[in-house]
There are 2 protein chains.
Amino acid sequence: MTELFSPKELLRCADCPIRKRAVCAYCEPAELADLDAIKSYKTFAAGETMVWSGDVVSHFSSIVSGVATLSQTLDDGRRQMVGLLLPSDFIGRPGRGQITFDVEAKTEVTVCRFECRPFEVLLGKIPHLRERLLDMTMDDLDAAREWMLVLGRKTAREKIASFLAIVARRVLSVEGAMPERDLEFDVMLTREAMADYLGLTLETVSRQMNALKKDGVIVLEKKRAIKVPVFSRLVAETGDDTGFSF
Amino acid sequence: MTELFSPKELLRCADCPIRKRAVCAYCEPAELADLDAIKSYKTFAAGETMVWSGDVVSHFSSIVSGVATLSQTLDDGRRQMVGLLLPSDFIGRPGRGQITFDVEAKTEVTVCRFECRPFEVLLGKIPHLRERLLDMTMDDLDAAREWMLVLGRKTAREKIASFLAIVARRVLSVEGAMPERDLEFDVMLTREAMADYLGLTLETVSRQMNALKKDGVIVLEKKRAIKVPVFSRLVAETGDDTGFSF
DNA sequence: CGTGAGTTTGAGTGCGCTCAAGCTTAGTGG
DNA sequence: CCACTAAGCTTGAGCGCACTCAAACTCACG
């Protein structure tokens, strides 16, 4: 997840780590060539704001490596994260030049990007591209709706447990199967970013993380490094057994 | 909005009240004929559950008239509404047979519906259809993300004001321009449904509605019938001036 | 070591929840 | 036409979870 990619190594789409999940996933080799012709890579430093809300964007991007967030801010400083962007996630909205959210790199982030106009032309030309974009947008919508349940109806403790379960599933599903026991992964966010994700304060996040630790649901080894001895134990703390469709 | 449609009157798509906003909006007359061939109408009574979470659905639907909601329920009864469905909104997810939310008719609801398989075939055949579905899904995603800010970061009073502003914009935009003064519209939901929408209890909704009334921001004439003397006054109570993109 | 970002912990407060009546309104049948 | 009913709405009292404010601690990095 956190290993760094040198853009040079990525010139060939066939070797791309997100080839099977990104917006280009459904494309045939011939169609890929069209995309290849207009793509370029760019890397952002951790902490850098990739796009400001209201900006007219010049490119659509796919995250190749790293973690970014989508968030909104109220005039008085209250913030709410509305999207967690992991490798293969798409940034931008074809058919609309503006973006209405801030996009921030939380780790070093490398994106594969396309100028808007040429990409929109390809969208019209390659059905596979539009098809994949539709599926990804629907997945994002489902995720947003699950998240609304978390924000609207769960307690602080349940929110933290839900967040950890979501991240565990997303991070670990990238690298294959998900074991039931002794999961280890990294929440790549600060306590403050987690608070923005969950509609809490950073103090409450800290308290609940330590409460889950004290109760043996999780093991905290280096603040961000999480170990989950028994995954179903964590899921039981989320308040719903239905799980998430991430 | 609440006038009743007789399905017989709707047989011709050209006369359809949602012709310009529904999933078929981008279709040419010839393409419309294909859809027309597989469509049928169905009406649900107010209060009826149109689809249960987990159901395998046989049809995709467009709301022609009435109001429906999309919601999730936790095992212990906590509920969160995750979508408010007004005329022209689409129900169902092509490419996936199941639905993971409850769909409930809040008023009498008439839908124009298509069997899944034939509709999916047309999706492959008519680019305009896929294009419109993508745009609608992206609009839904934007709406869900605005809503997440409301759920995660706003006070009860701000939530109510945001809700009223959203409904005013959606309801009134259907019938043309939106005046700044003396808006009148109907929140078609009970206090309980509003609470499910906003992540509040029905008591808190009631208290805050009456607080806004006492402060002259809104006029309550028949519990559900809202009058807004000065719209910007209401928007000022939402906590953000940016407004909503509904 | 010194610095600063990130995190933890404590004490006190208040917003929205819970529980409990009572009220309003529309619909139904005598 | 009115009593009866039930669903929806309002109002009050009290409580508790998560917030606010404040201070101390941890740890990576110069």
Side-chain angles (χ1 to χ4, degrees), chain A residues 2 45-48 69 74 76-80 104-108 150-163 186-214 218 220-226 237 239, chain B residues 2 45-48 74 76-80 104 106-108 150-164 186-214 218-226 237 239:
Chain A
T2 17
E48 199 173 341
T69 63
L74 255 31
D76 60 4
R78 283 176 287 176
R79 284 176 134 269
Q80 177 63 53
E104 290 166 89
K106 291 294 166 182
T107 63
E108 180 174 284
V150 173
L151 287 173
R153 292 302 183 195
K154 293 198 176 179
T155 64
R157 184 181 174 98
E158 290 169 341
K159 283 179 175 181
I160 299 290
S162 299
F163 169 76
D186 208 76
V187 302
M188 306 124 298
L189 307 179
T190 63
R191 298 288 186 259
E192 184 172 25
M194 286 176 64
D196 286 343
Y197 189 110
L198 297 168
L200 298 170
T201 58
L202 66 93
E203 294 96 330
T204 299
V205 170
S206 179
R207 277 186 249 270
Q208 296 298 337
M209 289 282 286
N210 288 304
L212 287 175
K213 174 186 174 187
K214 190 156 62 64
I218 60 174
L220 278 174
E221 302 186 313
K222 287 165 61 274
K223 303 297 187 200
R224 311 265 183 101
I226 308 285
E237 295 285 352
Chain B
T2 19
E48 200 174 342
L74 255 30
D76 61 4
R78 283 177 286 176
R79 285 177 130 264
Q80 177 63 54
E104 289 168 88
K106 290 295 166 182
T107 63
E108 179 174 284
V150 174
L151 287 173
R153 291 302 182 193
K154 292 198 177 180
T155 65
R157 184 181 175 97
E158 289 168 341
K159 283 180 175 181
I160 299 290
S162 300
F163 169 76
L164 294 176
D186 209 76
V187 302
M188 305 124 299
L189 305 179
T190 63
R191 299 288 187 258
E192 184 173 26
M194 286 175 64
D196 286 344
Y197 189 110
L198 296 168
L200 297 170
T201 59
L202 66 93
E203 295 95 330
T204 299
V205 170
S206 180
R207 276 185 251 271
Q208 297 297 337
M209 288 284 284
N210 288 304
L212 286 175
K213 175 187 173 188
K214 189 156 63 62
I218 60 174
V219 179
L220 279 173
E221 302 186 313
K222 290 165 61 270
K223 303 298 189 200
R224 311 264 183 102
I226 308 285
E237 295 284 352

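The structure displayed is predicted, hence computed values, not measured ones.
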Engineer: Tell me whether the count of non-hydrogen atoms from other residues, nucleotides or ligands lying under 6.0 Å of CD in Glu203(A) goes above 12.
Structural biologist: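 Atom CD in Glu203(A) is packed in, count exceeds 12.
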Engineer: How many whole angstroms separate atom CG of Leu202(B) from atom C1' of dG16(C)?
Structural biologist: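 After rounding, the gap between these two atoms is 13 Å.
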Engineer: Please step through salt bridge (Lys or Arg N to Asp or Glu O under 4.0 Å) for the pair Asp186(A) and Lys222(A), ending with a clear verdict.
Structural biologist: CA-CA 9 Å; Asp186(A) 208 76; Lys222(A) 287 165 61 274; 5.6 Å; no
Engineer: With no hydrogens and no angle check, is any side-chain donor or acceptor of Arg78(B) less than 3.5 Å from a backbone partner on Arg153(A)?
Structural biologist: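 Yes, because the side chain of Arg78(B) sits within donor-acceptor range (under 3.5 Å) of the backbone of Arg153(A).
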Engineer: Take the protein atom CD1 of Ile226(A) and the nucleotide atom P of dT7(C), then report the distance between them rounded to whole Å.
Structural biologist: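 Between P of dT7(C) and CD1 of Ile226(A): 11 Å.
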Engineer: For Leu189(A) and dG6(C), what is the distance between atoms CG and P respectively, to the nearest whole Å?
Structural biologist: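 Whole-Å distance recorded here is 12 Å.
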Engineer: Of all the choices, dC9(D), dT8(C), dT7(C), which nucleotide is nearest to the side chain of Thr190(B) once you look at every atom?
Structural biologist: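 Looking only at heavy atoms from C-beta outward on Thr190(B), the closest nucleotide is dC9(D).
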Engineer: At under 4.0 Å, does any side-chain N or O of Arg191(A) touch on OP1 or OP2 of dA5(C)?
Structural biologist: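 False: Arg191(A) side-chain N/O out of range (4.0 Å or more) of dA5(C) OP1/OP2.
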Engineer: Tell me: CG of Asp196(B) to C1' of dC9(D), nearest whole Å?
Structural biologist: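 Nearest whole value for this atom pair: 15 Å.
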Engineer: From CE of Met194(A) over to C1' of dT8(C), roughly how many Å is that when rounded to an integer?
Structural biologist: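 Distance, rounded to whole Å: 14 Å.
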Engineer: Within the distance-only criterion (no hydrogens, no angle test), does the side chain of Gln80(B) pair as donor or acceptor with the backbone N or O of Asp196(B) below 3.5 angstrom?
Structural biologist: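 Answer holds: yes.
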Engineer: Nearest whole Å is fine: how far is dT11(D) C1' from Asn210(B) CG?
Structural biologist: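 One finds 9 Å between C1' of dT11(D) and CG of Asn210(B), rounded.
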Engineer: Rounded to whole angstroms, how far apart are CD on Glu158(B) and C1' on dC15(C)?
Structural biologist: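 Value for this atom pair: 12 Å.
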Engineer: Expressed as a whole number of angstroms, how long is the span from Leu220(A):CG to dT7(C):P?
Structural biologist: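 Checked: the CG to P distance equals 11 Å.
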Engineer: For nucleotides 16-30 of chain D, just jot down a letter per nucleotide in 5' to 3' order: B, S or -, based on protein non-hydrogen atoms under 4.0 Å.
Structural biologist: --SSBBB--------
Engineer: Answer yes or no: is there a donor N or O on one side and an acceptor on the other, between the side chain of Lys159(B) and the main chain of Leu198(B), under 3.5 Å?
Structural biologist: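 Checking the backbone N and O of Leu198(B) against the side chain of Lys159(B), a donor-acceptor pair under 3.5 Å is found.
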Engineer: For Lys106(B) and Met188(B), work out which heavy atoms get closest and say how close.
Structural biologist: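 Shortest heavy-atom separation between Lys106(B) and Met188(B) comes out as CB-O, 4.4 Å.
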